[in-house]
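Below: one structure, written as structure tokens.
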Amino acid sequence: QWTEVAVMEANGVRRTVADRALGVLPASSPARRALFALATSPLFDSCVLAVIMYSTVLLAMADYSEIDADGEPSGRSWRNALSAASDTFFCTPFFTVELVVKVLAFGLWSAPNAYLQDAWNFLDAIVVVSALAEYASAGVSLSGLRALRVLRPLRALKRFPDLAVIIEAILVSAPQI
């Protein structure tokens, strides 16, 4: 059962969304309309894809010849230091802003096109929340949460539906092999 819904349209995209995002921001407000326009903008989507690719390159360039006591890449390597700094000060903040924009634009859960109704967005939220939890833990080893960063490249599959179908077919058939 959905809460009250509204129809919003921008950039040639028409969606049924929660009438009030997070129960507060009405669909009729200029701020919500602007956030919806941003969230459905092809330029915004291209920026997200570019940051996903950048994040993927950072993950691929990790130097495991320099590891710390937790078995994680050490900051003594310039590649690991660059990766850690980029993730902390650019990638995670960018993906957090993306999540907030989309939640405020589409609603969180209680509408047909709400943010968490989409499986890819749900994956995005898990990755972002795990990264934020890792930063909030300051000093506590959360290498398990850090491992979730490898899911970021999967976010690109949402932008390439044909590739997503292939990956889904592989995942479905893998247990039978």
Side-chain angles (χ1 to χ4, degrees), residues 8-15 17 21-22 25 30-64 66 72-75 77-109 111 113-136 142-171:
M8 296 183 80
E9 187 170 356
N11 301 311
V13 176
R14 183 179 171 98
R15 285 194 180 174
V17 299
L22 301 176
L25 193 61
R32 177 101 182 266
R33 288 195 314 261
L35 289 166
F36 185 84
L38 176 61
T40 58
S41 163
L43 180 59
F44 184 71
D45 201 42
S46 295
C47 289
V48 170
L49 185 58
V51 176
I52 290 169
M53 293 300 133
Y54 176 69
S55 175
T56 302
V57 168
L58 291 174
L59 286 171
M61 64 184 250
D63 181 1
Y64 284 94
E66 298 279 340
E72 292 296 318
S74 165
S77 161
W78 71 268
R79 295 184 320 194
N80 295 341
L82 173 65
S83 180
S86 291
D87 191 58
T88 301
F89 299 111
F90 178 66
C91 295
T92 297
F94 181 88
F95 293 134
T96 302
V97 168
E98 177 204 13
L99 182 146
V100 170
V101 165
K102 289 184 175 181
V103 165
L104 292 176
F106 307 139
L108 182 63
W109 179 260
N113 293 304
Y115 183 77
L116 291 178
Q117 292 297 329
D118 180 290
W120 293 107
N121 286 342
F122 196 83
L123 173 66
D124 292 352
I126 289 170
V127 173
V128 169
V129 168
S130 69
L132 295 174
E134 180 184 349
Y135 299 136
L142 296 175
S143 57
L145 290 180
R146 197 172 301 129
L148 290 176
R149 289 183 300 187
V150 301
L151 297 175
R152 280 186 182 155
L154 292 178
R155 299 177 64 194
L157 294 178
K158 182 178 182 180
R159 279 71 173 184
F160 303 106
D162 293 340
L163 184 58
V165 170
I166 292 168
I167 298 298
E168 188 174 323
I170 291 170
L171 292 175

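Note that the structure is a prediction, hence the values are computed from the model and not measured.
Between Met8 atom CE and Leu35 atom CG the span is 8.5 Å, to the nearest 0.5 Å. Note: Trp78 CH2 to Ser83 OG = 10.5 Å, rounded to the nearest 0.5 Å. Note that CG of Leu108 and CG of Leu22 are 6.0 Å apart. Values are rounded to the nearest 0.5 Å.
Under the side chain to side chain contact (heavy atoms under 4.5 Å, CB included) criterion, Ala34 pairs with no residue, sequence neighbours left out. Contacts of Arg14 classified as side-chain hydrogen bond (donor to acceptor under 3.5 Å, both in side chains), with partners at least two apart in sequence or in another chain: Glu9. Listed by chain and number, the residues in a side chain to side chain contact (heavy atoms under 4.5 Å, CB included) with Ala39 are Val101, Lys102, Ala105, Phe106 (sequence neighbours excluded). Residues that satisfy the side-chain hydrogen bond (donor to acceptor under 3.5 Å, both in side chains) test with Thr56, not counting sequence neighbours, are absent from this structure. Among residues two or more places apart in sequence or in another chain, the side-chain hydrogen bond (donor to acceptor under 3.5 Å, both in side chains) test is passed with Asn121 by Lys158. Ser86 meets the side chain to side chain contact (heavy atoms under 4.5 Å, CB included) test with Tyr54, Leu58, Leu82; sequence neighbours excluded. A search for ring pair (Phe, Tyr, Trp, His ring centres under 6.0 Å) contacts involving Tyr115 returns nothing, not counting sequence neighbours. Among residues two or more places apart in sequence or in another chain, the side chain to side chain contact (heavy atoms under 4.5 Å, CB included) test is passed with Ile166 by Ile170.
Closest approach of Leu25 and Arg32 over heavy atoms only: O-NH1, 3.0 Å. Counting all heavy atoms, side chain and backbone alike, Ala21 lies closest to Val103 at CB-O, 3.9 Å. Between Ser55 and Cys91 the shortest heavy-atom distance is CB-SG, 4.0 Å.
The salt bridge (Lys or Arg N to Asp or Glu O under 4.0 Å) pairs that include a residue from residues 77-87 are Asp63-Arg79, Asp87-Arg149, Asp87-Arg152, where partners are two or more places apart or lie in different chains. Sorted by first then second residue, the salt bridge (Lys or Arg N to Asp or Glu O under 4.0 Å) pairs that include residues 36-60, not counting sequence neighbours, are Asp45-Arg159.
Put simply, the side chain of Val127 does not reach to within 4.5 Å of the side chain of Phe95, judged on heavy atoms.
A distance-only check finds no donor-acceptor pair linking the side chain of Asn80 to the backbone of Ala62 [under 3.5 Å]. Thr96 contributes a side-chain N or O that, together with a main-chain N or O of Thr92, makes up a donor-acceptor pair within less than 3.5 Å. Put simply, the side chain of Asp118 gets close to the backbone of Trp120: a donor and an acceptor are under 3.5 Å apart.
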